[in-house]
J.: 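Got a structure here, written out as structure tokens. Questions coming.
Computed from heavy atoms alone, side chains included, the values below leave out hydrogens, waters and symmetry copies.
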Amino acid sequence: MTELRGVGIGLGVAQGPVVRMTEAMPAPQNTASTLGADAERTRAREAVAAVAQELTARGATAGGSAQEVLEAQAMIAEDPTLQDEIDERLNAGGTAEWAVHDAFAGFRATLEAVGGYLGERAADLDDIAQRVLARLRGVDAPGVPDPGHPFVLVARDLAPADTALLDLEKVLALVTFDGGPTSHTAILAREKGIVAIVGAAAAADLATGQTVIVDAAAGIVTADPSDKEKNRAAERAAARLSADAAPLTPGALADGTRIALLANLGKPADAADAVARGAEGVGLFRTEFLFLSSAQAPTIAQQRESYRELLAAFPGKKVVVRMLDAGADKPLAFLNDSHEENPALGLRGLRALRASEDILREQLTALAEADAETDADLWVMAPMVATVEETVYFTTLAREYGLKTAGVMVEVPSSALLADRVLAHADFASIGTNDLTQYTMAADRLLGSVAGFQDPWHPAVLRLVREVGAAGARLGKPVGICGEAAADPLLAVVLIGLGATSLSMAPSALADVRRILATRTLDEARSLAEAALAADDAASARTAVTTLAATLPQH
Ligand code: PEP
Ligand code: MG
């Protein structure tokens, strides 16, 4: 047996035979056209239009965020700049095949050079180009194979068009050797609850037919496992199934201590699923979705409608809305169009909003209006707060708009270290462990080469969480966790032991976290936290906690 490491999406575990994704078609040669530029142009135009239509149709079948992604792809396929690039190559005497291939490759290189979020979209272009090429050649587009039995799909990366329509009866799990945690594959896998591991470079060596266990919780693919390992994985999968079927009780520890289990949402349309999975409210509503798709900020009326829809789904419940968090991994031209060498350390989050205060004021206006029309308990918070002065600025401004509960996200070590001063001015703190880990470990959260540092189990990160938890307890203010760390069941217990009072996560993670919290008392959570804090690194913290947990009584 061999173990391959990658980034796990979700907490599932699955096993089955590998089926490799059909490899890309070979690149066409730059040979002179025998048909002439006009005929080639017609061929290219028809093929592009057919692919755009097919992508739109797939989107309509898939629905949800897949539809948005596929519609965006259809638009890219027909992008006029790209058409010009194709025409230029046709006019130079190239074939439609070559012109499409070369023009898309040029566009891809540009995106890759930009890096970050746009860089991760580069692979999407390959898929569109391959589809157009397949049309031109009159062959099937490369895609998900259908071996006639359930399988673990292993691919370089999956195109959104493929992920969107994956047959979940057949695909037991997904492993990619490229692609990071923010690739479309990861986002859609998370949304559909597919057991997935992305960026497992060594998976390129897996062969069709080989048996693997895909353990997303651990981020490990085990090739050729022993019978014992297979049985253990099957038991875990069964336990997860029963957790899914368990009653949707409010989050609580074994000693009855209440820990609210909240949802991280990106769109009001996702609220129904969160409610169905027992979310007790929303711990993080990311408002970027409203802004990312447009060239200008949405109007107050458009925003109010979205917020109203969200709040209406949670009558009487807490809903924490985060102000627009633009910059770095979420670039937005109208907020910050200057080139920055280190955008994660630049004008982002609250800094960018302050530089365009009208956008912040409009957002607060829309939220106050939606609040007045609904019965949810609206809390607002600012992202990327680094100083006490920024805390005072934001909470004062929010109160000016009549928003009664205003807090800050703790994502920068400076505000964790000064948590008592920060919390003196804020109604609550919410720890964003994704960014807090990035800044504590000085490791870009989008960069595969430093992904090993991006581990919230690191005791340095946990010590910062302890600072915030202790300050919250002293001042009687709530401290939530809304980064991915809250969705890791064992770590969730540690975070409670460090003083977190609520946990917010992707709705698909709620059942697992609810189940594990019920097995531990607050005293035990504190002991587990002590064990993690005493470790030298993330891996030993995890091991220390697992080892100690095995010796504690079962409740
Ligand atoms: C975080 O940084 O942990 C967080 C929740 O915010 P985002 O992932 O949107 O940056
Ligand atoms: Mg963040």
Side-chain angles (χ1 to χ4, degrees), residues 1-21 144-145 147-156 158 166 168-179 181 185-186 189 193-245 451-452 455 457 487-491 493 508-509 511-512 515-516 519 531 535 537-552 554:
M1 86 68 198
T2 22
E3 287 190 346
L4 325 173
R5 283 183 183 274
V7 180
I9 306 298
L11 303 167
V13 57
Q15 57 186 301
V18 166
V19 169
R20 293 285 299 246
M21 181 93 165
V144 179
H149 58 76
F151 60 99
V152 174
L153 183 62
V154 176
R156 174 173 297 287
L158 270 190
L166 277 188
L168 296 186
E169 299 287 305
K170 296 251 176 64
V171 179
L172 301 163
L174 194 59
V175 178
T176 68
F177 33 105
D178 270 0
T185 308
I194 303 173
V195 177
I197 294 186
V198 298
D205 297 331
L206 292 174
T208 292
Q210 218 173 344
T211 300
V212 289
I213 294 174
V214 182
D215 183 348
I220 295 175
V221 182
T222 308
D224 308 317
S226 64
D227 285 344
K228 199 166 148 211
E229 284 167 322
K230 286 195 234 173
N231 291 340
R232 207 180 310 132
E235 276 166 24
R236 277 185 48 206
R240 279 202 86 218
L241 267 184
S242 63
D244 270 343
D455 191 334
W457 274 94
D488 172 340
L490 197 54
L491 184 51
V493 175
S508 57
D512 286 306
R515 181 165 55 109
I516 195 162
T519 67
D537 54 38
S540 1
R542 202 182 270 113
T543 310
V545 170
T546 312
T547 312
L548 177 58
T551 69
L552 295 174
Q554 297 298 322

J.: In chain order, what residues pass the side chain to side chain contact (heavy atoms under 4.5 Å, CB included) check against D512, with sequence neighbours excluded?
T.: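 Result, side chain to side chain contact (heavy atoms under 4.5 Å, CB included) vs D512: L11, R240, P489, R515.
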J.: Quick one: do L4 and L206 satisfy side chain to side chain contact (heavy atoms under 4.5 Å, CB included)? Show the steps, please.
T.: CA-CA 10 Å; L4 325 173; L206 292 174; 3.9 Å; yes
J.: To the nearest 0.5 Å, tell me how far K170 NZ sits from L153 CG.
T.: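 The NZ atom of K170 sits 12.5 Å away from the CG atom of L153.
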J.: Calculate, to the nearest 0.5 Å, the distance between atoms CD and OG1 belonging to Q210 and T2 respectively.
T.: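 Between Q210 CD and T2 OG1, I get 6.5 Å after rounding to 0.5 Å.
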J.: Testing the basics here: between I213 and P225, what is the closest heavy-atom pair and its distance to 0.1 Å?
T.: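 Minimum heavy-atom contact is CD1-CB, 3.6 Å.
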J.: Would you name the heavy atoms of V214 and V175 that are closest together and state the gap between them?
T.: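 Looking at all heavy atoms of both residues, the closest pair is CG2-CG2, 3.8 Å.
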J.: Over all heavy atoms of both residues, which pair between A216 and I9 is shortest? Give the atoms and the distance, please.
T.: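 Nearest pair, atom of A216 first, then I9: CB-O, 3.5 Å.
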J.: Does V154 form a side chain to side chain contact (heavy atoms under 4.5 Å, CB included) with F177? I'd like the steps, not just the answer.
T.: CA-CA 8 Å; V154 176; F177 33 105; 4.1 Å; yes
J.: Taking atom CH2 of W457 and atom CG of L490, what is their separation to the nearest 0.5 Å?
T.: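 Rounded to the nearest 0.5 Å, the CH2-CG separation comes out at 4.0 Å.
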J.: Any chance you could measure I194, atom CD1, to S508, atom OG, to the nearest 0.5 Å?
T.: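 It comes to 11.0 Å.
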J.: For the CZ atom of R232 and the OG1 atom of T222, what is their distance to the nearest 0.5 Å?
T.: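 Output value for this atom pair is 9.5 Å.
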J.: Rounded to the nearest 0.5 Å, how far does CD1 of I197 lie from CG of D215?
T.: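 Answer for the CG-CD1 pair, D215 versus I197, is 6.5 Å.
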J.: State, yes or no, whether a side-chain contact exists between V171 and F151 at a heavy-atom distance under 4.5 Å.
T.: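 Sidechains of F151 and V171: in contact.
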J.: Please report the shortest heavy-atom distance between A223 and V212, naming the atom on each side.
T.: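 Looks like CA-CG1, 3.9 Å.
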